[in-house]
Number of protein chains: 4
Amino acid sequence: MSTSLRGGQAREDQLLSATLEVLREVGYNRLTVDAVVSRAHASKATVYRRWPSKSDLIVAAFMNATRDLPAERDTGALRGDLLGALEDLLDEMDRFGDVMMDLLGELGRNPELASTIRDGYIATRRQNLIGAFARAKDRGEIPADVDVQPLWDLAPAVIFFRRYNMGEEVDAEDVRVLVDDVVLPLAFRFSAG
Amino acid sequence: MSTSLRGGQAREDQLLSATLEVLREVGYNRLTVDAVVSRAHASKATVYRRWPSKSDLIVAAFMNATRDLPAERDTGALRGDLLGALEDLLDEMDRFGDVMMDLLGELGRNPELASTIRDGYIATRRQNLIGAFARAKDRGEIPADVDVQPLWDLAPAVIFFRRYNMGEEVDAEDVRVLVDDVVLPLAFRFSAG
Amino acid sequence: MSTSLRGGQAREDQLLSATLEVLREVGYNRLTVDAVVSRAHASKATVYRRWPSKSDLIVAAFMNATRDLPAERDTGALRGDLLGALEDLLDEMDRFGDVMMDLLGELGRNPELASTIRDGYIATRRQNLIGAFARAKDRGEIPADVDVQPLWDLAPAVIFFRRYNMGEEVDAEDVRVLVDDVVLPLAFRFSAG
Amino acid sequence: MSTSLRGGQAREDQLLSATLEVLREVGYNRLTVDAVVSRAHASKATVYRRWPSKSDLIVAAFMNATRDLPAERDTGALRGDLLGALEDLLDEMDRFGDVMMDLLGELGRNPELASTIRDGYIATRRQNLIGAFARAKDRGEIPADVDVQPLWDLAPAVIFFRRYNMGEEVDAEDVRVLVDDVVLPLAFRFSAG
DNA sequence: TCATAAGCGAGACGGTACGTCGTGTCTTACG
DNA sequence: CGTAAGACACGACGTACCGTCTCGCTTATGA
């Protein structure tokens, strides 16, 4: 019940919120620790005591904001599960789009950051998709001899590519086409197409 | 035939080469304009006269190095064309991997740079794939009612995602699986699978 | 009693000392802020936080070094007072000669600097001379109807002119001649010449 | 009668005029060769072919503008000669005041410039004063045993000091006082005062 | 009359210093 | 003790200016 602990937690949240705000406003490159510190009425020492570098701070802010996993949905059919999980992805992209783009770009420059993001963010999101395929196979929806592993990342890959590399908008209809015309036919071997 | 133009060109090339060298050695973040300038026995003014900022310089160096398009291959069959084009992509990734990763990350921060890269680099590479599908359709290899557009970026998307977002190595065998198990079945509706 | 203030003061003194050293070694024109900074094991920001430009820094270094006024001498006779004050001037010229020459030249280019130097340096030195004449008049050494004001700057003017405009050396004997043959005859109306 | 020579001469004058204009507008420090060149619609090579450095150019411009010596006046009396010569000095100060101040300051930084200015400018002006004293002595106006050499520079020294070091205005009345109350009494040993 | 050279405007260039900014460390004083 | 405030060393940035250089163009003499 110590105030200092809760205070510490609360302070941490304030710092991360301020970081996220600044991140949204000016992007990774132009974010300065001074700006964060000034917005949070904090001191640089307070920041650096917790996160040893600017990029740690930013990653922490991102991880904190995306801490809540989208709930795993079980609609009873692969199609519904996929559409649900991918819509969650789209949602998060809408809310953290530019920040994610920023961070994705940072991955190549910062291996530590990369593994944090991959293990802490991407991997957790992927679980929902892996789960969807696993349930479909358990249900017999997918033929037993189909290797689903290559299908896991198909839809996210295309969504990421279009959005982050090609700079295109991706909406629910695009996702539906992707699921119905690409992923499901491969999963079902056209038997249900 | 003017020497001045070629002289200017030559200087530019030297500067871009030096930039690329430094880029390869220390990466985007630790590249300094001073290092480039010193390697090229040039002056900062000479650099900044051409490229208004460090990132412009780096992009120019990348675009210059990847100016030469991989030749379009026509093997007479979609499979061969795809494998060829994707191997070229893999090759280029091997040669410019880290730099590309760096630049990809820059896209989200710099819209101008993004369109330069997209129009000048990605779009040109995509042409080879688009061409491969078009020829296959002309030959009747692909059923007339199959919409090939969603298939263009499928393979590159997966390759980019695995390599740049997931940090995995991608080799020729992975590409072969991708083509044989994902792209071609969709293109041929399993008829030739 | 705050250590921070003294600490700040101390740092300032170190910076100004380093500045003066470099100034002595290479002169105003070839002094670089980087050299100062490197000698003081300081950072450019630390310098520029205090003095907005290189010339401000140099002036501050000069003012700091000449902060200590030469003691006012009272020998009981005008001649002794004058010779004493002028010898002090010569001394200071020997110690800060080139720097003063440098700064003198800066006066015409920088009005703010000019008033700083005039009020903070020249005016304080002149006080000793003014005092000498005042005491002489009080003692009755100088006839009551002699206007001494034109005599105040006579000797310094000649010394400055010879040294800084004509580039000649000026020594104690020159000063003696100046006092005995020019200033005193005018002050005493030749009565005591 | 060659056009090239006259052209060369004319071009030289244009360059020096442009230099003087810029010098008047922004002063020695902020004058840039590029600004001069641009104003004269000339090329840097054209300037540097004639004057090897910026300061040479500026000195040349000054020397060119003050090429015309004030005529030596012979009023038949020392007082008139002195007042005449000093008024000429005041005139020139009015016309080239700031530039002279600038250059004077530069003397301490640039020995070559210093001797050029001293021999080419100051020395020539001093001739008029030296001549005035010589004629007065020849005429018997000044006692034969008076050493006039210390008197030569007395008035100019005071005028320079007041104007350039103290930043005061000096007008004809000041000069008159200087002559009547300082120089002439010393020259005449008060016999004519 | 023409060509060959010399001077020129334009402006790129190497170099050097400037003054600014950001990071991560560290110190001071307060609560 | 943890914190706000902010100074500090380091190092890169992008700008400005100097003095050198190269480029074509124009002009002006000498074959």
Side-chain angles (χ1 to χ4, degrees), chain A residues 3-4 7-8 11 29-35 37-38 40-57, chain B residues 2-5 7-8 11-12 15 29-38 40-57, chain C residues 2-8 11-12 15 29-35 37-38 40-57, chain D residues 2-5 7-8 11 29-35 37-38 40-57:
Chain A
T3 311
S4 87
R11 199 84 195 84
N29 260 344
R30 285 199 291 268
L31 174 147
T32 69
V33 177
D34 281 324
V37 142
S38 143
H41 296 292
S43 156
K44 288 174 88 174
T46 306
V47 167
Y48 278 99
R49 187 171 304 113
R50 292 171 161 79
W51 303 282
S53 78
K54 168 180 155 174
S55 78
D56 289 281
L57 169 64
Chain B
S2 93
T3 311
S4 86
L5 262 185
R11 201 80 195 83
E12 207 145 308
L15 291 168
N29 263 342
R30 283 200 293 265
L31 174 145
T32 70
V33 177
D34 281 321
V36 171
V37 142
S38 141
H41 292 293
S43 160
K44 287 174 94 173
T46 303
V47 168
Y48 281 100
R49 193 174 301 117
R50 292 171 159 79
W51 304 283
S53 77
K54 170 181 151 172
S55 78
D56 289 278
L57 169 65
Chain C
S2 92
T3 311
S4 87
L5 262 185
R6 272 190 321 204
R11 201 81 194 85
E12 207 144 309
L15 291 169
N29 264 341
R30 283 200 293 266
L31 173 145
T32 69
V33 177
D34 281 320
V37 143
S38 142
H41 202 72
S43 159
K44 287 172 92 172
T46 304
V47 168
Y48 281 100
R49 193 174 302 117
R50 292 171 159 79
W51 304 282
S53 76
K54 170 181 151 172
S55 78
D56 289 278
L57 169 64
Chain D
S2 89
T3 312
S4 85
L5 261 184
R11 198 87 196 83
N29 261 343
R30 284 199 293 267
L31 175 145
T32 70
V33 178
D34 281 322
V37 142
S38 143
H41 297 292
S43 158
K44 288 174 88 172
T46 305
V47 167
Y48 279 98
R49 188 172 304 115
R50 291 169 160 81
W51 304 282
S53 77
K54 168 180 155 173
S55 77
D56 289 281
L57 169 65

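The basis for the numbers below is simple: all heavy atoms, side chains too, and nothing from hydrogens, waters or symmetry mates. A note on names: the letters A, B, ... follow the listed sequences, proteins ahead of strands, and every chain is numbered from 1.
- Side-chain N/O atoms of C/Arg49 include one lying less than 4.0 angstrom from OP1 or OP2 on F/dC8.
- The residue among A/Ala42 and D/Ser53 whose nearest nucleotide of DNA chain F lies closer to the 5′ end is A/Ala42.
- Contact check, D/Thr32 against F/dC17: no side-chain N or O comes under 4.0 Å of OP1 or OP2.
- Taking atom CG of residue C/Asn29 and atom P of nucleotide F/dC17, one finds them 16 Å apart after rounding to whole Å.
- With the end axes of the helix from E/dT1-F/dA31 to E/dG31-F/dC1 each set by five pairs, the angle from one to the other reads 0° at 10° resolution.
- In terms of phosphate contacts, B/Thr46 brings no side-chain nitrogen or oxygen within less than 4.0 Å of OP1 or OP2 of E/dA12.
- Side-chain nitrogen and oxygen atoms of C/His41 include at least one within less than 4.0 Å of the OP1 or OP2 phosphate oxygen of F/dC10.
- Distances shown here put every side-chain N or O of A/Arg50 at or beyond 4.0 Å from the OP1 or OP2 atom of F/dG2.
- A distance of 8.0 Å separates CG of C/Asn29 from CG of D/Asn29, quoted to the nearest 0.5 Å.
- Of all heavy-atom pairs spanning B/Lys54 and B/Leu31, the tightest one is NZ-O, 2.9 Å.
- Computed from coordinates, the D/Arg30 CZ to E/dA17 C1' distance equals 18 Å when rounded to whole Å.
- If you take CH2 of B/Trp51 and C1' of F/dT15, they are 18 Å apart, rounded to a whole angstrom.
- Between the CG atom in B/Leu57 and the CH2 atom in B/Trp51 there is a gap of 6.0 Å [rounded to 0.5 Å].
- Taking 4.5 Å as the limit, some side-chain heavy atom of B/Arg49 sits within range of a side-chain heavy atom of B/Thr46.
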Nucleotides 25-27 of chain E: which of its N/O atoms have a protein N/O under 3.5 Å away?
none

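- If you check every strand for non-hydrogen atoms under 4.0 Å, A/Leu31 touches sugar and phosphate atoms only.
- Residue B/Arg11 has no polar side-chain atom (N or O) positioned under 4.0 Å from OP1 or OP2 of E/dA12.
- B/Val33 comes within 4.0 angstrom of sugar-phosphate atoms only, judged by non-hydrogen atoms across all strands, and of no base.
- Contact annotation for B/Asp34: backbone-only contact, meaning every heavy-atom pair under 4.0 Å involves sugar-phosphate atoms and none involves a base.
- B/Ala42 and B/Arg11 get closest at one heavy-atom pair: CB-NH2, 3.5 Å.
- From D/Ser43, atom OG reaches atom OH of D/Tyr48 across 11.0 Å, with rounding to the nearest 0.5 Å.
- Within the 4.0 angstrom heavy-atom criterion, no nucleotide atom of any strand lies near C/Leu57.
- Distances shown here put a side-chain N or O of B/Lys54 below 4.0 Å from the OP1 or OP2 atom of F/dC13.
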